2 protein chains.
Amino acid sequence: MTIQNSIRNIVFIGAGNVATHLAVALNKKGFKIIQVYSHSKKSASILASRVKASPTADLSEISKIADLYIISVSDNALTEISSRIFLKDKLVVHTSGSHDISILKGISSRYGVFYPLQTFSKSRNPDFTKIPVCIEAKKKEDEKILMHIAMKLSNDVRVINSASRRIIHIAAVFACNFTNFMYSSADKILLEKKIPFDILKPLIIETAKKIISEKPSEVQTGPARRGDLKIMEKHLKMIDDKDLRELYKIISKQIYKTYNK
Amino acid sequence: MTIQNSIRNIVFIGAGNVATHLAVALNKKGFKIIQVYSHSKKSASILASRVKASPTADLSEISKIADLYIISVSDNALTEISSRIFLKDKLVVHTSGSHDISILKGISSRYGVFYPLQTFSKSRNPDFTKIPVCIEAKKKEDEKILMHIAMKLSNDVRVINSASRRIIHIAAVFACNFTNFMYSSADKILLEKKIPFDILKPLIIETAKKIISEKPSEVQTGPARRGDLKIMEKHLKMIDDKDLRELYKIISKQIYKTYNK
């Protein structure tokens, strides 16, 4: 059997945002999802019906005849589930940025990671062709299989080991989670004065687009970058919220330090 | 004379990024830029040649016959320049987010603000139609003139007073300057392990695009949002750089506090 057709049937363990978008994308590319497990019967059913699979909320009912098992659950749940299922010599992968590949070693002799580096939300359909997929496998043959599957979805597939993936995940926390918190902090500042957030949207999009062609450290702007202490003091006096003031102070201090030596 | 043709000749005081993009955009819309001042003769010449104006580096040489004077310089320079020129009853505006309209009151009896809310860089051509322009004028007639000019450039023109504009500027510091610092922090983390930054680009673009349709506080994700203390501790142990660790700790603490009450 060639790599090309060695994977036919897939079981999804998990039915959250990552599992949903990944299952739908794989299904569209011709892979058969035969079963979806979730500890919530309802979540399992919703995803299962979208990809014509059968749902289950019982770990002991997980099919033994699939070619690939994709565990896509929260990091905490992954630890627990890994100790509760056994799939012998079936290929099993998780989709976590922060967990080591070895967390799966008790489940099967063939294990790996399939980590799509993107922020998924219910309401948005991602373009999978542009999502970097980081793969890793215990065995070289399985790496080839994962590579083959990932390349059907994405134009950017990289073999990344667990140590590097953890670093990428931390960087992603800054670039995505912390960035979004800057957006909601801005929203909070405007909301207090009843100014609609939409005024910032073009600025936010342009700030993100800049880094496509420029190194972020080279396009840093703002009062802290210029070393404009007067404006910074003025701003600090105008921010009523203690937490927002703390953020302003610490981030400005670090920017100032970086650019005004 | 109607508002439509009351502004023919414009003088630019300043030749930085904002001045450049604004002068070029106005020029394209049929306004005549007759002169560009910059304390750097070279900068004045570069912009002047792009918009077929004459350059000067001497404040005393500024033309007295223009219909509109746009002062687009750094916040510090604005304070200084405002005390050094006098234009009697000519319409004068500045483009600063943080300075009050009244900083111009010594220059002329007719003054205002023309603040395009965007981050401008040399290498990128902004689509002015999508840039919110905040205008303010001492006199109602001048507000109409500024409105007319701004609407030739942008589909989003708002009359915003100085107090609100300052708030918007602070929010913009979070949404743009601090966000960009999150990007460069992510870059720094990856660089140490020689992982190319481009792996984060699709994530950064998607994180920004999400806020077009969603409220940022409702799409917050990540370990701090989930209250995953284990992962956060693990991350903190892995971040060698003291400053990055401080950022991680404080922003995570605030996200945690916001979502895990």
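Because the structure is a prediction, the values reported are computed rather than measured. Residue numbers begin at 1 in each chain, while the letters A, B, ... track the order of the sequences.
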Restricting to non-hydrogen atoms, name the atom on [X] and the atom on [Y] that form the minimum distance, rounded to 0.1 Å.
X        : Y        : answer
A:Lys130 : B:Pro202 : O-CG, 3.3 Å
A:Leu200 : B:Ala171 : CD1-CB, 3.9 Å
B:Cys176 : A:Thr207 : SG-OG1, 3.4 Å
B:Ser164 : A:Ile195 : O-CD1, 3.8 Å
B:Pro216 : A:Asn180 : O-ND2, 2.9 Å
B:Met238 : A:Ile167 : CE-CD1, 3.8 Å

Which bit of [X] comes within less than 4.5 Å of chain B, counting heavy atoms only: side chain, backbone, both or neither?
X        : answer
A:Lys188 : neither
A:Val173 : side chain
A:Thr258 : side chain

Measuring heavy-atom distances to chain A, does B:Lys194 have an atom under 4.5 Å in its side chain, in its backbone, in both, or in neither?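 Neither part.
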Between the side chains of B:Thr119 and A:Lys210, is a donor N or O closer than 3.5 angstrom to an acceptor N or O? yes
side-chain contact (heavy atoms from CB on, under 4.5 Å) for B:Ile205 and A:Ile212? Distances and angles first, verdict last. CA-CA 9 Å; B:Ile205 296 297; A:Ile212 298 292; 3.9 Å; yes
I'd like to know which of [options] tops the heavy-atom pair count under 4.5 Å against chain A.
options                                : result
B:Ala186, B:Ser213, B:Ser185, B:Ala172 : B:Ala186
B:Ile131, B:Asp156, B:Ile168           : B:Ile168
B:Thr221, B:Asn17, B:Ile231            : B:Thr221

Neighbours of chain A found in residues 71-79 of chain B - heavy atoms under 4.5 Å: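 When heavy atoms of chain A are the reference, residues 71-79 of chain B contributes B:Asp75, B:Asn76 within the under-4.5 Å range.
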Verdict with reasoning, B:Ile204 to A:Thr179, per side-chain contact (heavy atoms from CB on, under 4.5 Å): CA-CA 9 Å; B:Ile204 284 173; A:Thr179 286; over 6 Å; no
Separation of [Y] [atom2] from [X] [atom1] (nearest 0.5 Å):
X        : Y        : atom1 : atom2 : answer
B:Ile170 : A:Met232 : CD1   : CE    : 13.0 Å
B:Ile250 : A:Asp243 : CD1   : CG    : 10.5 Å
B:Gln254 : A:Asp241 : CD    : CG    : 7.5 Å
B:Glu206 : A:Ser121 : CD    : OG    : 6.0 Å

In sequence, state the C-alpha distance, the side-chain angles, and the governing distance for B:Phe178 and A:Tyr248, and then conclude on ring pair (Phe, Tyr, Trp, His ring centres under 6.0 Å). CA-CA 8 Å; B:Phe178 290 178; A:Tyr248 189 97; 5.4 Å; yes
With a 4.0 Å cut-off, would you call [X] and [Y] a salt bridge?
X        : Y        : value
B:Glu214 : A:Arg124 : no
B:Arg158 : A:Asp198 : yes
B:Glu246 : A:Lys253 : yes

When only pairs under 4.5 Å are counted, which of [options] shares the most heavy-atom pairs with chain B?
options                                : value
A:Asp187, A:Ile255, A:Leu190, A:Leu244 : A:Ile255
A:Ala208, A:Cys134, A:Pro223, A:Ala163 : A:Ala208
A:Lys201, A:Lys193, A:Glu192           : A:Lys201
A:Asp127, A:Leu117, A:Ile199, A:Ile189 : A:Ile199

Audit row: B:Lys234, A:Ser98, side chain to side chain donor-acceptor pair (under 3.5 Å) steps and yes/no: CA-CA 9 Å; B:Lys234 209 166 130 182; A:Ser98 50; 5.3 Å; no
Ring centroid separation for A:Phe174 and B:Tyr183, is it under 6.0 angstrom?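 Here the rings of B:Tyr183 and A:Phe174 have centres that are no less than 6.0 Å from each other.
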I want to check something: taking the side chain as every heavy atom from C-beta on, are A:Ile211 and B:Phe197 in contact at a cut-off of under 4.5 Å?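 Yes, their side chains come closer than 4.5 Å.
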Side-chain heavy-atom pair A:Arg225, B:Asn177 within 4.5 angstrom cut-off: no
